[in-house]
2 protein chains.
Amino acid sequence: MTTRPRSTAGAGPARGRRRSSHSLDAVLDATVQLLDEAGGAALTFRSLAARLRTGVGTIYWYVASKEELLDRATDHALGPVLEAIDAVPEGEDPIDDLRRMAIVLFDAIVERPWLSAYFMRSMEIQVTSLRLYERLGRPTLRMDLTPRQRFHAVSAVTGFAVGTAADLGQEPPEAMLDDGADRDELLHRYADRWRALDADDYPFVHDIVDEFDGHDDVDQFRAGLELILAGLRLEAAG
Amino acid sequence: MTTRPRSTAGAGPARGRRRSSHSLDAVLDATVQLLDEAGGAALTFRSLAARLRTGVGTIYWYVASKEELLDRATDHALGPVLEAIDAVPEGEDPIDDLRRMAIVLFDAIVERPWLSAYFMRSMEIQVTSLRLYERLGRPTLRMDLTPRQRFHAVSAVTGFAVGTAADLGQEPPEAMLDDGADRDELLHRYADRWRALDADDYPFVHDIVDEFDGHDDVDQFRAGLELILAGLRLEAAG
DNA sequence: TATGTTGATCGAACATTGTTCGATAAGCTT
DNA sequence: AAGCTTATCGAACAATGTTCGATCAACATA
């Protein structure tokens, strides 16, 4: 019978009785490293095996498929995020607490865009993301809301944070590598293209193009978050 | 020199001088069909070629890569959505109009989850998604807001709609095929697992688990949308 | 009509990927 | 020593995106 080794979560080195030069944690660490360094496209079983100085077959002993590898790596990388959110002190206003937590979550995903793809999925399966959901939801327990309102509000906040961060994480097409243009330069190009459109056909786009040009993604997220929170505050007051 | 045929957008059959048994539109139609029938995983150049009764090389004559194929197919499928949003009549309250449009957009993406992946990306490149953005933004022109507030609000609404729909689009793991469990059954299983957690460690999860069990995705989205719109209304009133 | 040019088609071949599987060693129990 | 479990390894397989040269069909020009 071929069982997988029990997750040596937090235990000493080589917790299993048999000595193992590798471990699930080592595999996950290397996975996160590769993901961080070169993005999702660079993560292959062969590159991972090379980094671990082992064969591809070994990785398949710890993990049944690439899907499971990414699921577990996501959960693995979510650990520190959970700690950071736990570190948010309970303040006077529950909405302030919720805001702080949402920003921590958003920042973490922006830094590691590959998290978003498996975050939602893992919420219902893995442990860490469910705990994150729990922490995000706790402030709402101090508010005068129905369970249904709480469920919808917290889902909206997390969904908005993850969804927005996911969009930002998509790397732009080929235009960047052609010449050495950074994000601001790209934004500026798109903005100019928008400005060239007919003002009668695109009144809204013209109205906001100066804001789009050179805008800060974090500001944009915060503004949207404020809308949700303002709506929530209203709901709790009513 | 090998040029690509000018997009025969709306023109008669075989607009190019040379007769072509296929066309970019035909390729895009078949792509959307395959995507609808069997999801993103089923779309391969070979299956697409088989459906079109042609060779893979032919597809590469119309499209430079799979990325471009999906970009164009997304834009192609967004056409009817744009029409549906254009069909929303201008009403008394701009926020009501924005709500209606957002729901149309959300419904369209839920029906075709593969749209979400390239929607945001194509917003800055392709035509149709920019037009959608324009339409979504127009109601805000009738409100007392700064361009910056409009930009943030419309970005939040579209981001929330696309992001939420994208999450819903992810097909659940293997649990569905093991036994013939539908969505409600799956939800129920997860809910039961949540109920089994320690109530002291997971007070929020326990508070909302009955709402999670059997919840409707559309309701959830609408509730979140209402929060954003309520916040926006407040902003415009202040 | 003959010839060359361009638009368009086709599928074999290549590189890369996820995954399987049998061989094999290393530790542990008896 | 024998046997079982744990773990490692890489060759081999199937599927996929992509390239490329061969080839044909329509048109222009002479």
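Residue numbering restarts at 1 for every chain, and letters A, B, ... go by the order of the sequence lines. No experiment lies behind these values; they were computed from the predicted model shown.
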Do A/H215 and A/D213 have a side chain donor and acceptor closer than 3.5 Å?
no
Base, sugar-phosphate, or nothing: which does B/L43 touch, judged by heavy atoms less than 4.0 Å apart?
sugar-phosphate
Give the rounded distance in Å between these two atoms: OH of B/Y62 and C1' of D/dT19.
19 Å
Is A/T58 near enough to D/dC9 that one of its side-chain N or O atoms lies under 4.0 angstrom from OP1 or OP2?
yes
Nearest-Å distance, CG (A/L52) to C1' (D/dC9)?
13 Å
Position toward the 5' end of DNA chain D (nearest nucleotide), B/A41 or A/R53
A/R53
Taking the side chain as every heavy atom from C-beta outward, state whether B/D182 and B/L186 have any atom pair closer than 4.5 Å.
no
B/T54 side chain, from C-beta outward: closest of D/dA7, D/dG17, C/dC10
C/dC10
Send over the distance from B/L70 CG to D/dG17 P, rounded to a whole Å.
10 Å
Does B/G55 or A/G57 map to a spot on DNA chain C nearer the 5' end, using the closest nucleotide for each?
B/G55
In whole angstrom, give the distance that lies between atom CD of A/E67 and atom C1' of C/dG18.
12 Å
Protein-nucleotide distance (B/K66, atom NZ; C/dT16, atom P), rounded to Å
18 Å
Would the B/F212 and B/W194 ring centres measure less than 6.0 Å apart?
yes
Of all the heavy-atom pairs spanning A/F204 and B/E134, show the shortest one and how long it is.
N-OE2, 3.1 Å
Examine C/dC10: is either OP1 or OP2 under 4.0 Å from a nitrogen or oxygen in the side chain of B/Y60? Give yes or no.
no
Write down the atom of A/L70, the atom of A/Y118, and the distance for their closest heavy-atom approach.
CD1-OH, 3.4 Å
Nearest of C/dC14, C/dT17, D/dT8 to any side-chain atom of A/W61?
D/dT8
Calculate the interatomic distance between A/F45 atom CZ and D/dC9 atom C1'; express it in whole Å.
15 Å
What is the separation between atom CD1 on A/I59 and atom C1' on C/dT17, rounded to the nearest whole Å?
13 Å
